[in-house]
Amino acid sequence: MDQSDEFISVKVEDAIGIVELNRPDVLNALNRHMVSEVVGAFERLDRDESVKVILLMGRGRAFAAGADIKEMAGANPVDFELLDPFAPWDRMTLIKKPIIGAVHGFALGGGFELALSCDLLFAAEDARFGFPEVNLGVMPGAGGTQRLTKLLGKTRAMEWLLSGETFSAEEALQWGIVNRTIPQSLLIEETKRFARKLAGKPPLSLRLIKESVHMAVDATISEGMKQERKNFYLLFASEDQKEGMKAFVEKRTAEFKGR
Ligand code: CAA
């Protein structure tokens, strides 16, 4: 899509915007530029009306083995303050369309944080997740301590974050980090199949369901319920709601337009 991307490749297939991390020689280690490219691609795909769902995957033998250690090894706090390397991560939370991550091989450190930024996660059976930052004398900086703790609770998050150990796809499934595990050879095919299924749903419903679920993570239940109700009412202003309910009554398949 954007020929200027250096560390990712982007294409649109069957209404699915596919973003592939593309630094396989270093297991897709995320340098600053690459993170900006990923977020820029998400934003372009979010604006593209032909795209209904976004899929994020990694080329080569890993999803992403973390932030680029070589890039940051010599940094000092002032560099970080001036470069503000985590700012693009905040923009990721503003993407309205569902993002599905397809993880194989390593998803470590910043790579795991990127996976946790997705709305749904499908993992190959060989996938390994973890936060090894502690072994480098640092800690996660792109949301890992917060997102993992919200997902797993304090006890398990502490174990993952303090030990720096990696965990299998099976463990990630048992603990609710991933939606399903899939044999590696079928990962992309199966994830695309699921993405196509979502792409057939009314886009406004997807958008407002995503917003409401994210609200549940951060807000109080009463704030979340208020927002959910407003989103529910809002959908009754859409053509797709009229079409969806009319099609049900007429016993035919609805044709959704995203308006
Ligand atoms: N940064 C930079 N380069 C990396 C990298 C990373 N995070 N992970 C792997 N690479 C590079 C290696 O240096 C190696 O490059 P060369 O061929 O030039 O030596 C190449 O990728 C292949 O890696 P290995 O030879 O190490 O492959 P392996 O199969 O033996 O081991 C691994 C795989 C266990 C994932 C190992 O590469 C590893 O431990 N990587 C680092 C994982 C890590 O610590 N991630 C956290 C980074 S910090 C962070 O992410 C902070 C944050 O929250 C934002």
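Keep in mind that what you see is a predicted model, and the values were worked out from it rather than measured. When a ligand or atom number is given, it counts from 1 through the structure's own listing order.
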Within a distance under 4.0 Å of any heavy atom of Asp25, pick out the atoms of ligand 1 and give their elements.
20 (C), 21 (O)
Considering non-hydrogen atoms of the protein only, which is the closest contact for atom 34 (C) of ligand 1, and what is the distance?
Phe106 CZ, 3.9 Å
Which of the atoms in ligand 1, numbered in the order shown and given with their element, are less than 4.0 Å from a heavy-atom of Glu113?
52 (C), 53 (O), 54 (C)
Give the C-alpha distance, both sets of side-chain angles, the deciding distance and a yes or no for side-chain hydrogen bond (donor to acceptor under 3.5 Å, both in side chains) between Asp240 and Ser238.
CA-CA 5 Å; Asp240 281 352; Ser238 71; 5.8 Å; no
Polar contact flag, side-chain donor to acceptor under 3.5 angstrom, Gln227-Glu211:
yes
Could you tell me which atoms of ligand 1, counted from 1 in the order shown, lie closer than 4.0 angstrom to a heavy atom of Pro140?
53 (O)
Return a yes/no value for Gly110: is any of its N or O atoms, backbone included, closer than 3.5 angstrom to an N or O of ligand 1?
yes
Under 4.0 Å to a heavy atom of Pro132 - the qualifying atoms of ligand 1, by number:
43 (C), 44 (O), 45 (N), 46 (C)
Nearest protein heavy atom with distance in Å, relative to atom 5 (C) of ligand 1:
Ala29 CB, 3.9 Å
May I have the step-by-step check of ring-ring contact (aromatic ring centres under 6.0 Å, His included) for Trp160 and Phe129, ending in yes or no?
CA-CA 9 Å; Trp160 283 51; Phe129 299 85; 7.3 Å; no
Assign the ring pair Phe7 / His33 to parallel, tilted or perpendicular, where the plane angle (0 to 90°) is split at 30° and 60°.
perpendicular
Atom 24 (P) of ligand 1: closest protein heavy atom, distance to 0.1 Å, is Arg61 NH2, 4.1 Å
Closest non-hydrogen protein atom to atom 37 (O) of ligand 1, residue and atom name please, with distance?
Leu27 CD1, 3.8 Å
Tell me whether Lys97 contacts the main-chain N or O of Leu206 through its side chain, where contact means a donor paired with an acceptor under 3.5 Å.
no
Between Ala65 and ligand 1, does any nitrogen or oxygen pair lie at a separation below 3.5 Å?
yes
Is atom 30 (O) of ligand 1 less than 4.0 angstrom from at least one protein heavy atom?
no
Go through the structure and list residues passing salt bridge (charged side-chain N to carboxylate O under 4.0 Å, His left out) with Arg59, not counting sequence neighbours.
Glu20
Has ligand 1 got any nitrogen or oxygen that is less than 3.5 angstrom from a nitrogen or oxygen of Ala67?
yes
In plain terms, say whether Lys192 and Asp14 are close enough for a salt bridge, that is, a side-chain N and a carboxylate O under 4.0 Å apart.
no
For salt bridge (charged side-chain N to carboxylate O under 4.0 Å, His left out), just list the numbers for Glu171 and Arg156, CA-CA rounded to whole Å, side-chain angles, deciding distance to a tenth of an Å, and then say yes or no.
CA-CA 11 Å; Glu171 285 162 300; Arg156 282 169 174 162; over 6 Å; no
For atom 51 (C) of ligand 1, what's the nearest protein heavy-atom neighbour? Residue, atom name and distance, please.
Glu133 OE2, 3.4 Å
Atoms of ligand 1 under 4.0 Å from any heavy atom of Gly109, numbered from 1 in the order shown, are 50 (O)
To the nearest 0.1 Å, how far is atom 10 (N) of ligand 1 from its closest protein heavy atom, and which atom is that?
Val26 O, 3.7 Å
Under 4.0 Å from any heavy atom of Lys70, which atoms of ligand 1 are there?
13 (O), 15 (O), 18 (O)
N or O pair under 3.5 Å between Ile69 and ligand 1:
yes
Per-atom contacts of ligand 1 with Leu136, taking only distances under 4.0 Å to non-hydrogen atoms:
44 (O), 47 (C), 48 (S)
Kindly work out whether a path of hydrophobic side-chain contacts (I/L/V/M/F/W/Y, heavy atoms less than 4.5 Å apart) joins Phe112 to Phe122.
no
Protein non-hydrogen atom found under 4.0 Å from atom 14 (C) of ligand 1
no
Can you tell me which residue and heavy atom of the protein come closest to atom 48 (S) of ligand 1, and the distance to 0.1 Å?
Met72 CE, 3.4 Å
Could you verify whether a donor N or O on one side chain and an acceptor N or O on the other, from Ser212 and Asn231, lie under 3.5 Å apart?
yes
Subset of ligand 1 atoms that lie under 4.0 Å from at least one heavy atom of Leu108:
35 (C), 42 (C)
Ile221 atom CD1, neighbour heavy-atom count above 12 within 6.0 Å:
no
